[in-house]
Structures are given as C-alpha cells and as structure tokens.
J.: 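Structure incoming, see below.
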Protein chains: 2
Amino acid sequence: MLLYKDEGTAMIDTLKKFGLRATPQRMAIMQLLQGNTSHPSVEEIYHELKPKYPSLSAATVYNTLEALAKVGEIQEISIDPQRRRFDPNPRPHCHFLCNRCQRVYDLDIALEDLPVPHQAGGFNIQSFSLYLYGECEHCSSKDDGTKI
Amino acid sequence: MLLYKDEGTAMIDTLKKFGLRATPQRMAIMQLLQGNTSHPSVEEIYHELKPKYPSLSAATVYNTLEALAKVGEIQEISIDPQRRRFDPNPRPHCHFLCNRCQRVYDLDIALEDLPVPHQAGGFNIQSFSLYLYGECEHCSSKDDGTKI
DNA sequence: AAAAATAAAATAAAAATTATTTTTTGTCAA
DNA sequence: TTGACAAAAAATAATTTTTATTTTATTTTT
C-alpha cells in the first residue's frame, strides 16, 4: 500500500518481494505516490518527475504503474473516461468524480457491505468498482458555475 | 432509448426533439446502435460504417455519441480503461467486463436497491456506476486460459 | 432567393497508450 | 572476479484515441 516509515529500504524490499528491480525511476514514482490522494494520471506523474529525472519517459511511468497494479500494491481506477488514473491505496474503496472540476476523491463507503453477488447470470464476478458522480463541496459552494 | 418500430421517422423525431439534425451519418450510427448489446467503442462503430459512408470520420462518431449521451438517449460507460464505450440503453444498469476477452456485458442487477447515499462526506452525489470484473461464461468454460 | 447565422462534417492536430529498440542490470561459467 | 549471456527495464518510436480547427452543409432571416 505504499506507506513506509523507512521509505527507501521498505520500497526496495517491496519491489524485491515481487521480483521487480529497484530502479531510480520506480523509486521516484513510488515516492510520489506515497500518501497521494489526488489519483494522478500518467501525464501528471510524468510531468512532476521529469525535471528531476530528465531521461524519464511516459512509457516508464506506464510500465511501473502497471507492474505495481499487477502485484496489488496500487490500483487503477477507470472512473475518468478521459484518462487512466491510479490510487496508491489498493484496498477496494469508493471513488467520486466531480463533474465540474474533474477531481477524483476517495469516498469512505463500506464496499464490503454492498450486496454484490459473486455469481450472476453465468458471470464469475471477481471484483467490482463503485464510481460516484456529482459535485464536490468546493464546486457546490460556487453557485456561478465556475470550477474551484 | 433507440428502440423504434418505424425506425426512420422515429429517429428523426427523436433528433428533432432535442434540436439535432437528422443527418445520414447520425441516422446510420443510431441504426447501428439499435438493440446493440456489445457496447461498441468509437473505433468499432467507425470501422463498421466506413465502407457504407466513405466520408465518415471518427470525429463525427464522437460528436454524435456525445450529443446523444448529453440528451440522455444513450449512455457512456467507462468500465474499460482502454477506451470509451457506449450503451444504447440509457437507463442505469450494471456492466460486466470480462478480464479475458475484454467484452462488456449488461448485467441485470437492480441498481435502484443499492444503498448508495445521495450525500456523503460533503459530496453531492448525482449518479453512480457499478462495474463488475471477472470471467464470462464463455471464457470460464475454456480452462486453458485462452479467450473465446 | 440571397445573405447571414448556425450546426455538423471532415481534416488536422494533440494527447494518450502501446510496441519496438536500446540500455542497463543481474546471473553464471570460466 | 570478470566476461558473456540472459533478463529486465528504460527510452524511443509508432500507433491509437481524442480534441480542436477548418470546411461544408443546412437552416433562418430578410
């Protein structure tokens, strides 16, 4: 889940555990994700790290995020039709997309209690996502239709 | 909802009702969507209609789908992180993405009964989607890991 | 019926993603 | 150890998806 006290070594251990190499690029991406609740896109991560890692490519950001998602350290969320977003918290939880400012928020709704079957109409259900849409507090408070 | 007995005139009426012009491209796209349960992407629609409408562009498919979604005649679904998909049935219902064959299916789970609040943590919730992931019947029946 | 205004289509451009190539890192035998 | 080989990851290049701009067509107004 990317929450380490002794960041450096713990991140290396996590990567090693899954047979992944601890490259500077990966470490930087993991560090950026640490406790990040903005659900960044590849572009956002790339843009933020590029200055410090001039050789970094967007493809590497994809590779790293996909690798981390594959082993369950982070999760990909597809609430935003425009781009893929990622959440460093891999535990199933609910997400909210503001129709005005397009920000994605975590929402504390207990998904465990949702009556979603494991089997329905011949489909073998392994996981699910609940995405909510509407207006966030900031945007709601602005009655002139502008974004925050 | 794109289910017309007398297709031509009914589609024209629907478009007129929303102040949209009944162009050949739009009619063709609406016709293709009629009763279509495959949740096609822009590319799929474009590819299918291009032979009959050689001047058709992908942008027009986008424009039409977005226009129809805006007035509530169809809905956009973001279950597939790889591309935008569309459903001619605009009523809220559940979708299932097969992790193996990547097909999207409609699922008959009553969303009305789901205990999703209208207000949570300062967020004003206007709509929601429930996306399920797993293996479809066809893929499950193949135990060798291949797609159907 | 012609001019202006609006809407929609297509083309062109940009952004997002994937495939290929290059570079780096690790492994194993000499 | 160290040099060749293999594996992994990074970067570049290419493709695909989406958006912005321009062109064409339709409607409205005179």
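Within every chain, numbering begins at 1; the chains are lettered A, B, ... in the order of the sequence lines, protein sequences first and strands thereafter. All values reported here derive from a predicted model rather than from experimental measurement.
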J.: Atom CD1 of I29(B) and atom C1' of dA9(C): how far apart are they, to the nearest Å?
T.: 11 Å

J.: Which dot-bracket string fits DNA chain D when only Watson-Crick or G-U wobble pairs with both atom distances under 3.5 Å count, crossing pairs get [ ], and | stands for a partner on a different strand?
T.: ||||||||||||||||||||||||||||||

J.: For dA10(D) and S57(A) - does any side-chain N or O of the residue sit under 4.0 Å from the phosphate oxygens OP1/OP2?
T.: no

J.: Strictly below 4.0 Å: does T60(A) bring a side-chain N or O up to OP1 or OP2 of dA9(D)?
T.: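 Indeed not, no polar side-chain atom of T60(A) lies that close.
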
J.: Check each of R85(A), R103(A), H39(A) against D80(A) using the side-chain hydrogen bond (donor to acceptor under 3.5 Å, both in side chains) test, and report the only one that passes.
T.: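 It is R85(A), the one option of R85(A), R103(A), H39(A) that forms the side-chain hydrogen bond (donor to acceptor under 3.5 Å, both in side chains) with D80(A).
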
J.: Can you check the F18(A) CZ to dA7(D) P distance for me, whole Å?
T.: 22 Å

J.: Consider the side chain of R83(A), meaning its heavy atoms from C-beta on, and name the nucleotide among dA16(C), dA11(D), dA10(C) that approaches it most closely.
T.: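 Shortest atom-to-atom distance from the side chain points to dA16(C).
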
J.: For Q82(B) and for Q25(B), find the nucleotide of DNA chain C with the closest heavy atom, then tell me which residue's nucleotide is more 5'.
T.: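 Taking each residue's closest nucleotide, the earlier one in sequence belongs to Q25(B).
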
J.: Does the gap between the ring centers of Y133(B) and F96(B) come in under 6.0 Å?
T.: no

J.: Ignoring hydrogens and geometry, is there a side-chain-to-backbone donor-acceptor pair from S141(A) to H138(A) under 3.5 Å?
T.: yes

J.: Give the rounded distance in Å between these two atoms: CG of L20(A) and C1' of dA10(D).
T.: 14 Å

J.: Using the test side chain to side chain contact (heavy atoms under 4.5 Å, CB included), find all partners of A67(B) that sit at least two apart in sequence or belong to another chain.
T.: L20(B)

J.: Whole angstrom is fine here: how far is it from CZ in R85(A) over to P in dA15(C)?
T.: 16 Å

J.: In whole angstrom, what separates L65(A)'s CG from dA10(D)'s P?
T.: 11 Å

J.: Mapping R21(B) and Y62(B) to their closest nucleotides on DNA chain D, which lands nearer the 5' end?
T.: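 Mapping each residue to its closest nucleotide by heavy atoms, the 5'-most match is Y62(B).
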
J.: Can you give me the N/O atom pairs linking the protein to nucleotides 19-23 of chain C at distances under 3.5 Å, or say none if there are none?
T.:
none

J.: Go nucleotide by nucleotide along DNA chain C from the 5' end; which of A58(B) and P81(B) gets its closest nucleotide reached first?
T.: A58(B)

J.: Output the single nucleotide from dT18(C), dT17(D), dA10(C) whose closest atom is nearest the side chain of L56(B).
T.: dA10(C)

J.: In the single-linkage hydrophobic clustering (I, L, V, M, F, W, Y; side-chain heavy atoms under 4.5 Å), do V104(B) and F128(B) co-cluster?
T.: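 In one cluster with V104(B): F128(B), no.
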
J.: I'd like to know whether I45(B) forms a side chain to side chain contact (heavy atoms under 4.5 Å, CB included) with L65(B), so could you lay out the CA-CA distance, the side-chain angles of the two residues, the decisive distance to 0.1 Å, and finally the verdict.
T.: CA-CA 10 Å; I45(B) 294 170; L65(B) 294 174; 3.9 Å; yes

J.: Return each pair, listed once, that meets salt bridge (Lys or Arg N to Asp or Glu O under 4.0 Å) where at least one residue sits in residues 16-38 of chain B; pairs must be two or more places apart or across chains.
T.: none

J.: Any salt bridge (Lys or Arg N to Asp or Glu O under 4.0 Å) pairs touching residues 54-67 of chain A, not counting sequence neighbours?
T.: E66(A)-R84(A)

J.: I want to check one thing: is the phosphate of dA16(C), taken as OP1 and OP2, less than 4.0 Å away from some side-chain N or O of R84(A)?
T.: no

J.: Rounded to whole angstroms, how far apart are CD on Q102(A) and C1' on dA15(C)?
T.: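 Taking CD of Q102(A) and C1' of dA15(C), I get 16 Å after rounding.
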
J.: Start with the C-alpha distance between V42(B) and R83(B), add both sets of side-chain angles, then the distance that settles side chain to side chain contact (heavy atoms under 4.5 Å, CB included), and finish with yes or no.
T.: CA-CA 8 Å; V42(B) 167; R83(B) 74 203 90 254; over 6 Å; no

J.: Sequence neighbours excluded, which residues qualify as side chain to side chain contact (heavy atoms under 4.5 Å, CB included) partners of N63(A)?
T.: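 With sequence neighbours excluded, N63(A) shows a side chain to side chain contact (heavy atoms under 4.5 Å, CB included) to no residue whatsoever.
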
J.: Could you tell me how far apart E66(A) (CD) and dT18(C) (C1') are, to the nearest whole angstrom?
T.: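 Between C1' of dT18(C) and CD of E66(A): 9 Å.
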
J.: How close or far is atom P of dA15(C) from atom CG of D80(A), stated in whole angstroms?
T.: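 From D80(A) CG to dA15(C) P: 16 Å.
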
